[in-house]
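Written below as C-alpha cells is the structure these notes are about.
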Amino acid sequence: MSDPNSLPYLNPTQDRRVALITGGNSGIGYYTVLQLYLHGYIVYIAGRSRSRVLKSIKELKERATSIRSAYTSQQSSSERFLGDLVYLEIDLSSLASVLSAVEAFKNMESKLNILINNAGAMAVPFALTKDNFEIQLQTNFISPFLLTTKLLPMLERTADLYSSSEPPRIIYLSSVGHQIALKFFGLSNNFNHRPNFLFTWLRYGVAKTAGIHFMKMLALRNPKVLCMSVHPGFVMNTNLFSYWTRLPLIGILFWCFFQIFDYFFGVSNEEGSYATIKCCLDPSLTLEKDNGKYFVTGGVEAEPSRVASNMDYAARTWIWTVHELSDRGITIPN
Ligand SMILES: NC(=O)c1ccc[n+]([C@@H]2O[C@H](COP(=O)([O-])OP(=O)(O)OC[C@H]3O[C@@H](n4cnc5c(N)ncnc54)[C@H](OP(=O)(O)O)[C@@H]3O)[C@@H](O)[C@H]2O)c1
C-alpha cells in the first residue's frame, strides 16, 4: 500500500475530526491508532480494560512524539500535528456495555468521522455471553452491529458537515478466515459441536462473514457513509492467538507452529494495520466506487467468499440480527 506518510495530515486546531476504534490497545489496533493520532485525529480507544488502554495511550503518546521529533524536513514538522487519545469503556461481550459506551460517547462528541470495528476474539472455546449469544459471534459481529447502528445517526449528521468526497467511514475487521464458513453459513446455529478444535474456527468464520454482510448492507442502506471490510493479513504476534499459545504444555507447540507460519506468510503488526489505515485515510476511496468493498493485506482490493458477497444472505443476516436484538429489548433504528 501507499506509505501512511503519504496520506493526508490534519491540523486539529483548524479541522477537528474524530475517530472511534474498538480494541485499539493492542495488536493491529495499536498501530492503527498510532497512525490516526500522528495524522491529527482525536481517537477514542474503546476497550474493556481501563488500565490496559491507559497504558497503551501513554506508550502511543511517547512513540508519536519521538516519531515527530525524528521528522527531517522542516515541512513535515510544520504541517503535521498530533491529535488526541481518549479512553472509552466498552465490553463487547455485553450489549448493555455497548449501549452505555454509545451514550458516553454521545455525551462527549457531536460528530464521528471514522468508526473502526477492530476488536475481536478468535478460536476460543464455546461459551455463551450473558446476552445468550455465542461469545465469538457477539464479540466479532453482534456487538459491532449494535455499536455501529446506534452511532449511525451521528455518522450521517457528520456526513452533512462535509462534501461527499469526504464521507464518514466505517471499517470492519473481518478475516480471510471468513472463507471457512462457506456452505456452513447460518447465524441461528451456534456450532457447539466437537471437536472444538475444528468447530471453533467455523464459529469465527461465520461471525466474520456476517461482518462483511453487515458492511455491504450498510453501504446499500446508508449511501452517505463509506463502509468497508478488511482482512489485515496474517499477523501472528498479536494477542489473538494467546488462547492457543497459553495452553499448558501443548501451547509451546502452537507457538512454534505460529512462528513458522509467520516466517513464511506473516506480516508485522504494523503492516497488519495498513489495510485499515488505507480505508480510514486514503482520499482516493469514494462512495461511488468503493462502498461495501473488501480489502486484504496492505489495502489490496479483493473479493470475499461467495457467501459473504451474496446479498440475499446479507439481507438475511441483517434481518436475523435485528430480530435477535429486538428479542432482547433493543430496537435498531430504521
Ligand atoms: N492477527 C491476525 O492475523 C488477524 C487476521 C485476520 C483478522 N484479524 C482481526 O483483526 C482484529 C484485531 O486483531 P489482533 O490480531 O490485533 O488481536 P489482539 O491483539 O488480540 O487485539 C484484539 C483487541 O480486541 C479487544 N477485545 C477482545 N474482546 C473484547 C471485548 N469483549 N470487549 C472489548 N474489547 C475486546 C482486545 O482487548 P483486550 O486487550 O482487553 O483483550 C484487543 O484490544 C480482530 O478483529 C481479528 O479478528 C486478525
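Source: prediction; values computed, not measured. Positions are given from 1 along the sequence. Both counts, for ligands and for their atoms, begin at 1 and track the order of listing.
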With heavy-atom distances below 4.0 Å as the criterion, list the atoms of ligand 1 near [X].
{"X": "Ser93", "value": "31 (N)"}
{"X": "Gly23", "value": "23 (C), 24 (O), 25 (C), 43 (O)"}
{"X": "Ser175", "value": "6 (C), 7 (C)"}
{"X": "Gly27", "value": "16 (O), 19 (O)"}
{"X": "Asp91", "value": "30 (C), 31 (N), 32 (N)"}
{"X": "Gly233", "value": "2 (C), 3 (O), 4 (C), 5 (C)"}

I need the nearest protein heavy-atom contact for [atom]: residue, atom name and distance, please.
{"atom": "atom 39 (O) of ligand 1", "answer": "Asn25 ND2, 2.9 Å"}
{"atom": "atom 22 (C) of ligand 1", "answer": "Gly120 O, 3.9 Å"}
{"atom": "atom 9 (C) of ligand 1", "answer": "Ser174 O, 3.8 Å"}
{"atom": "atom 48 (C) of ligand 1", "answer": "Leu240 CD2, 3.4 Å"}
{"atom": "atom 1 (N) of ligand 1", "answer": "Val235 O, 3.0 Å"}
{"atom": "atom 19 (O) of ligand 1", "answer": "Ser26 OG, 2.9 Å"}
{"atom": "atom 14 (P) of ligand 1", "answer": "Thr238 OG1, 3.6 Å"}
{"atom": "atom 40 (O) of ligand 1", "answer": "Arg52 NH2, 2.7 Å"}

If we only count N/O pairs under 3.5 Å, is [X] in contact with ligand 1?
{"X": "Phe241", "answer": "no"}
{"X": "Phe234", "answer": "no"}
{"X": "Asn239", "answer": "yes"}
{"X": "Pro232", "answer": "no"}
{"X": "Leu92", "answer": "yes"}

Whether the side chain of [X] engages the backbone of [Y] through a donor-acceptor N/O pair (distance < 3.5 Å, no angle test) should be reported.
{"X": "Asn222", "Y": "Lys224", "result": "no"}
{"X": "Asn269", "Y": "Gly27", "result": "no"}
{"X": "Ser97", "Y": "Asp91", "result": "yes"}

message: I want to know whether Tyr44 and Phe105 have ring centres closer than 6.0 Å.
response: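 Yes, ring centres under 6.0 Å apart.
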[X]: heavy atom below 4.0 Å from ligand 1, yes or no?
{"X": "Thr139", "result": "yes"}
{"X": "Gly272", "result": "no"}
{"X": "Gly47", "result": "no"}
{"X": "Ser143", "result": "no"}

Please compare [options] and report which has the shortest non-hydrogen distance to [atom].
{"atom": "atom 44 (C) of ligand 1", "options": "Val53, Val296, Asn118", "answer": "Asn118"}
{"atom": "atom 41 (O) of ligand 1", "options": "His178, Arg48, Gln138", "answer": "Arg48"}
{"atom": "atom 10 (O) of ligand 1", "options": "Val98, Ile45, Leu173", "answer": "Leu173"}
{"atom": "atom 47 (O) of ligand 1", "options": "Tyr204, Phe258, Tyr30", "answer": "Tyr204"}

CA sep, side-chain torsions, deciding dist, call: Asn113, Glu166, side-chain hydrogen bond (donor to acceptor under 3.5 Å, both in side chains): CA-CA 9 Å; Asn113 298 86; Glu166 294 185 283; over 6 Å; no
message: As a quick check of understanding, evaluate side-chain hydrogen bond (donor to acceptor under 3.5 Å, both in side chains) for His178 and Thr209, giving each step before the final call.
response: CA-CA 5 Å; His178 83 272; Thr209 300; 5.4 Å; no
- prompt: Between Tyr31 and Arg63, does any side-chain donor sit less than 3.5 Å from a side-chain acceptor?
  reply: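 Note: Tyr31 and Arg63 side chains meet the donor-acceptor criterion.
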query: Side chains of Asn11 and Glu79: is there a donor and an acceptor less than 3.5 Å apart?
result: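 No, no side-chain donor-acceptor pair sits under 3.5 Å.
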Could you see which bit of [X] sits under 4.0 Å from ligand 1, with heavy atoms only: side chain, backbone, both or neither?
{"X": "Ala46", "result": "neither"}
{"X": "Met236", "result": "neither"}
{"X": "Met122", "result": "neither"}
{"X": "Ala119", "result": "both"}

- request: Considering non-hydrogen atoms only, spot the tightest contact between Gly211 and Phe141 and give its length.
  value: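 Taking Gly211 first and Phe141 second, the nearest heavy atoms are N-CD1, 3.8 Å.
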Point-to-point distance, once rounded to the nearest 0.5 Å, from [atom1] of [X] to [atom2] of [Y]:
{"X": "Ile170", "Y": "Ile114", "atom1": "CD1", "atom2": "CD1", "value": "11.5 Å"}
{"X": "Gln136", "Y": "Tyr204", "atom1": "CD", "atom2": "OH", "value": "8.0 Å"}
{"X": "Met217", "Y": "Met311", "atom1": "CE", "atom2": "CE", "value": "5.5 Å"}

message: Using a strict threshold of under 4.0 Å (side-chain N to carboxylate O), is an ion pair present between Lys293 and Asp290?
response: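 Here Asp290 pairs with Lys293 in a salt bridge, since their nearest N and O are under 4.0 Å apart.
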message: Please determine whether a side-chain nitrogen of the Lys or Arg among Glu324 and Arg328 lies less than 4.0 Å from a carboxylate oxygen of the Asp or Glu.
response: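 A salt bridge links Glu324 with Arg328.
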message: Using the ring pair (Phe, Tyr, Trp, His ring centres under 6.0 Å) definition, which of the options Tyr263, Phe265, Phe258 pairs with Phe261?
response: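 Result for ring pair (Phe, Tyr, Trp, His ring centres under 6.0 Å) with Phe261: Phe265.
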message: Would Gln138 and Ser94 count as a side-chain hydrogen bond (donor to acceptor under 3.5 Å, both in side chains) here? Give the steps.
response: CA-CA 8 Å; Gln138 179 158 345; Ser94 156; 6.0 Å; no
message: Whether Arg68 engages the ring of Tyr71 as a cation-pi pair (distance to the six-membered ring centre under 6.0 angstrom, angle to the ring normal within 45°) should be assessed.
response: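 No, a cation-pi geometry is absent between Arg68 and Tyr71.
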- prompt: Cluster question for you: counting only ILVMFWY and a side-chain heavy-atom cut-off of under 4.5 Å, with indirect links fine, are Leu281 and Leu161 together?
  reply: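 Cluster IDs for Leu281 and Leu161 differ.
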